[in-house]
Amino acid sequence: MAITTAGISFGQNKIQYPETKKGETVDVYFDTKVSDPYRWLEDDKSAETGAWVKAENEVTYGYLDKIPFREELKKRMEKLWNYEKIGAPSKEGKFTYYSKNNGLQNQSVIYRKDQSGKEEIFLDPNTFSKDGTTSLGGLDFSKDGNKAAYSISEGGSDWRKVIIIDAVSKKVLEDTLVDVKFSGISWLGNEGFYYSSYDKPKGSELSAKTDQHKLYFHKLGTSQKEDKVIFGADQKRRYVGGYVTEDNHYLVITAANSTYGNELYIKDLKTPDSPIITIVDNFNSDNNIIENEGSKLFIQTDYNAPNGRVVSVDFSNPKQENWKDFIKETENVLSPSTGGGYFFANYTKDAVSLVLQYDYSGKLVREIKLPAVGTAGGFGAKKEEKILYYSFTNYTTPGTIFSFEPKSGKSEVYQKPKVDFKSEDYESKQVFYTSKDGTKVPMIITYKKGTKLDGKNPTILYGYGGFNISLTPAFSISNAVWMENGGVYAVANLRGGGEYGKKWHDAGTKLQKQNVFDDFIAAAEYLIAQKYTSSDYLAIRGGSNGGLLVGATMTQRPDLMKVALPAVGVMDMLRYHTFTAGAGWAYDYGTAQDNKEMFEYLKGYSPVQNVKSGTKYPATMVTTGDHDDRVVPAHSFKFAAELQDKQAGENPVLIRIDVKAGHGAGKSVAATIQENVDIQAFTLYNMGFKALPKK
């Protein structure tokens with residue numbers, strides 16, 4: 001393969017891209033031939049792919065380096081980011097643990113205080129690697145708090161290592177567990193813990209398919225080779241999880257083949273050699289045991305309740321026909337938690353939080369008054385705790401932690417960050433716009449007070465629209481910098497998400513996936529019609545499933561926006577299910593193998609297959625990580641190659657590939673800041689700004 005030297009002429013934005021060779025690969029689906037010329041880029045282990053990544057990054061950074069205000073933007077981003085962030089505390093054994101970041105540390109540090117209030121560092125992930133690319137994945141304590149197991153991710157990979165320590169002395173107790181993936185750590189008393197993983201795949205661990213998940217038990221003092229498979233050896237499932245109830249009475253097992261719908265099992269841990277009992281034997285609903293009181297189980301479910309409810313049932317006869325409503329379904333979507341001897345029903349109402357407190361008899365105690373309209377999270381703790389903690393945020397309010405006494409209902413600020421941002425100068429407005437088929441879709445638009453609606457405001461429209469995930473208001477430093485520079489930030493709550501429950505989710509799946517793109521296009525058209533912006537000043541942004549959203553929208557309506565920012569996107573809809581855990585996304589997408597109709601539907605919107613020669617595409621910066629084993633970077637590689645080959649206009653098409661980075665979790669602060677700076681600099685520059693807009 002020939003790699004050309006990047007030649008950049010900024011006068012006309014002419015860029016000489018690396019030459020990307022075309023192969024002869026052709027696949028046949030239901031008698032239809034589909035060429036895949038960039039199939040070779042799927043091989044993440046090849047020297048050719050590595051050379052292509054290096055050459056593309058040289059072009060991209062050569063372009064970004066010449067943007068005159070990029071450094072000024074970075075200085076402001078760092079200044080705003082540089083404030084102390086403290087997490088909610090939790091008691092384990094004789095210590096109180098919490099996370100803290102002094103501002104620009106790459107990874108937050110875990111601290112603890114003893115009963116006298118003396119503070120010390122417990123775990124510092126910044127020491128895990130020299131370059132900040134190894135992060136803390138999870139931390140869980142034994143029942144007495146004297147032992148702990150924590151997982152680490154290297155280079156952003158979903159594969160984890162688990163390290164077991166004496167929590168008091170912080171000394172490592174035994175050999176590190178390896179090859180753990182998509183797993184929690186749930187202790188059984190003080191003797192060991194449950195975790196989940198796949199057999200290590202043949203070929204590349206970053207792209208090879210993984211589809212048989214197993215639940216293991218690790219007994220302290222034994223080697224990982226001796227770990228017993230508890231579930232998943234005989235029944236093949238893509239996702240298996242196990243957790244122990246707080247009283248150590250039951251092991252709860254969930255098993256699923258897709259990202260929606262799970263079987264539910266339970267095992268009595270007090271009775272030796274007790275069987276695993278089936279509660280739910282199908283994948284038609286989401287089910288999760290959130291609490292028990294003796295043999296009485298409390299289950300969060302959307303079975304016969306698309307917006308969710310909590311039911312109770314006795315362990316002796318736990319089948320669905322015996323379930324009784326404990327917290328009934330309402331018109332709002334439920335996400336419950338427990339702590340301090342109470343249940344907390346956290347509802348999403350038009351994409352913002354409403355929280356109700358219940359006692360164990362199911363009686364409503366109170367509505368918890370939140371400080372403003374926004375997103376509340378937390379309200380989880382052990383049963384005996386007298387004080388709980390919750391966080392609150394919205395698009396203009398940095399995340400603040402509140403302490404809460406469940407008995408009295410008293411709530412007060414526990415930790416309010418000191419951010420150099422004047423929240424009072426900004427406002428958020430929720431609107432409901434009409435999509436193509438007449439559906440009303442909510443969108444929250446945030447901007448500086450007094451912004452003129454003259455169609456000339458640089459605007460980022462963000463969306464996701466999938467996997468039952470709700471986009472609720474949250475503060476972001478990078479968005480704050482964007483708005484300081486006169487930008488408008490809009491978030492559309494598209495179908496496919498979870499904002500209005502299962503019906504809203506299903507309306508954006510499989511053969512209805514186009515609804516999601518239509519909702520996003522309608523959001524852009526609304527912002528333009530209401531003069532918040534115009535096509536010359538509009539950027540669309542999204543990551544993962546949201547990267548697919550941006551890819552599909554820009555190929556269907558390249559005229560609609562000036563800039564497109566697809567991040568870690570699912571771009572090849574004909575092959576997504578052949579990589580890592582991709583087959584588990586079939587509930588949302590369907591697969592090209594399902595039937596001819598599904599194949600043709602996927603081919604009709606799949607970004608890689610819908611880049612057309614002779615089309616003027618918007619200025620595009622694709623972003624991904626070379627260690628992304630959730631949505632493998634080949635998706636982004638192939639999409640960028642197609643765009644560079646077929647772009648007819650003068651707008652640049654770049655791909656920015658983070659090295660030693662994954663899907664996003666655990667990314668260092670320095671890398672996160674630089675990525676956001678580059679995205680905003682690229683966006684503003686391509687909207688015609690030669691300097692940062694006036695504040």
Within 6.0 Å of [atom1] in [X], more than 12 heavy atoms from elsewhere:
X    : atom1 : value
E597 : CD    : no
K646 : NZ    : yes
K603 : NZ    : no

Over 60° means perpendicular and under 30° means parallel, so classify the ring planes of [Y] and [X], tilted if in between.
X    : Y    : answer
H635 : F579 : perpendicular
Y198 : F182 : perpendicular
Y395 : Y489 : perpendicular

Can a salt bridge be assigned to the pair [X] and [Y] using a cut-off of 4.0 Å between side-chain N and carboxylate O?
X    : Y    : result
E58  : K54  : yes
K181 : D179 : no
D36  : K638 : yes
R39  : E42  : yes

About how many Å separate [atom2] of [Y] and [atom1] of [X], when rounded to the nearest 0.5 Å?
X    : Y    : atom1 : atom2 : answer
M621 : T683 : CE    : OG1   : 6.5 Å
R557 : I521 : CZ    : CD1   : 6.0 Å
R237 : F231 : CZ    : CZ    : 6.0 Å
Y17  : L643 : OH    : CG    : 9.0 Å
I460 : N479 : CD1   : CG    : 6.5 Å
T434 : D437 : OG1   : CG    : 10.0 Å

Please report the closest heavy-atom contact between [X] and [Y], naming both atoms and the distance.
X    : Y    : value
P18  : V59  : CD-CG2, 3.6 Å
N545 : K513 : OD1-NZ, 3.2 Å
K502 : D302 : CD-OD2, 3.9 Å
R575 : D27  : CD-OD2, 4.4 Å
M687 : D536 : CG-O, 3.8 Å
I528 : S535 : CD1-OG, 3.6 Å

Please examine the side chains of [Y] and [X], heavy atoms only from C-beta on, and report whether any two atoms are closer than 4.5 Å.
X    : Y    : answer
L538 : K562 : no
V280 : T301 : no
K22  : S35  : no
I679 : R541 : yes
F599 : V34  : yes
Y239 : T259 : yes
D645 : T20  : no
T620 : P566 : yes

- Would you please test D678 and Q674 for side chain to side chain donor-acceptor pair (under 3.5 Å) and show each step? CA-CA 6 Å; D678 289 350; Q674 191 60 62; 2.9 Å; yes
Please confirm whether the backbone N or O of [Y] pairs with a side-chain atom of [X], one donor and one acceptor, at under 3.5 Å?
X    : Y    : answer
N468 : H505 : no
S153 : D158 : no
T49  : D43  : yes
Q430 : D350 : yes
Q212 : K236 : no
N307 : E331 : yes
W159 : V180 : no
S258 : G584 : yes
T553 : L549 : yes
N287 : S285 : yes

Donor-acceptor side-chain pairing of [X] and [Y] below 3.5 angstrom:
X    : Y    : answer
N57  : T60  : no
S196 : K214 : no
S476 : S478 : yes
N610 : K612 : yes
D572 : Y38  : no
Q556 : Q514 : yes
S183 : R160 : no

- Query: Hey, do the aromatic rings of F520 and Y464 have their centres closer than 6.0 Å?
  - Reply: no
- Message: Using the rule given for side chain to side chain donor-acceptor pair (under 3.5 Å), can you reason through Q644 versus E56, listing the C-alpha separation, both sets of side-chain angles and the distance that settles it, and then say yes or no?
- Response: CA-CA 11 Å; Q644 288 178 353; E56 288 286 352; 2.9 Å; yes
- Could you check T624 against F637 for side chain to side chain contact (heavy atoms under 4.5 Å, CB included), going step by step and ending with a plain yes or no? CA-CA 9 Å; T624 188; F637 294 174; 3.9 Å; yes
- Go through the steps for T459 and N457 under the test side chain to side chain donor-acceptor pair (under 3.5 Å), then give the verdict. CA-CA 6 Å; T459 298; N457 301 304; 5.8 Å; no
- Message: Let's go through Y260 and D588 carefully: what are the C-alpha distance in whole Å and the side-chain angles of both, what is the deciding distance for side chain to side chain contact (heavy atoms under 4.5 Å, CB included) to 0.1 Å, and is it a yes or a no?
- Response: CA-CA 8 Å; Y260 175 79; D588 264 57; 5.6 Å; no
- Message: So, using ring pair (Phe, Tyr, Trp, His ring centres under 6.0 Å) as the criterion, who are the partners of Y500 when residues are at least two apart?
- Response: W504
- Task: Please confirm whether K510 makes a cation-pi placement over Y587, using NZ or CZ under 6.0 Å from the six-membered ring centre and within 45° of the ring normal.
- Result: yes
- Task: Verify side chain to side chain contact (heavy atoms under 4.5 Å, CB included) between F682 and L565, making sure each step is shown before the conclusion.
- Result: CA-CA 10 Å; F682 177 85; L565 303 164; 4.2 Å; yes
- Task: Report the C-alpha separation of N284 and Y303 in whole Å, then their side-chain angles, then the decisive distance to 0.1 Å, and conclude whether the side chain to side chain contact (heavy atoms under 4.5 Å, CB included) test is met.
- Result: CA-CA 8 Å; N284 300 330; Y303 172 67; over 6 Å; no
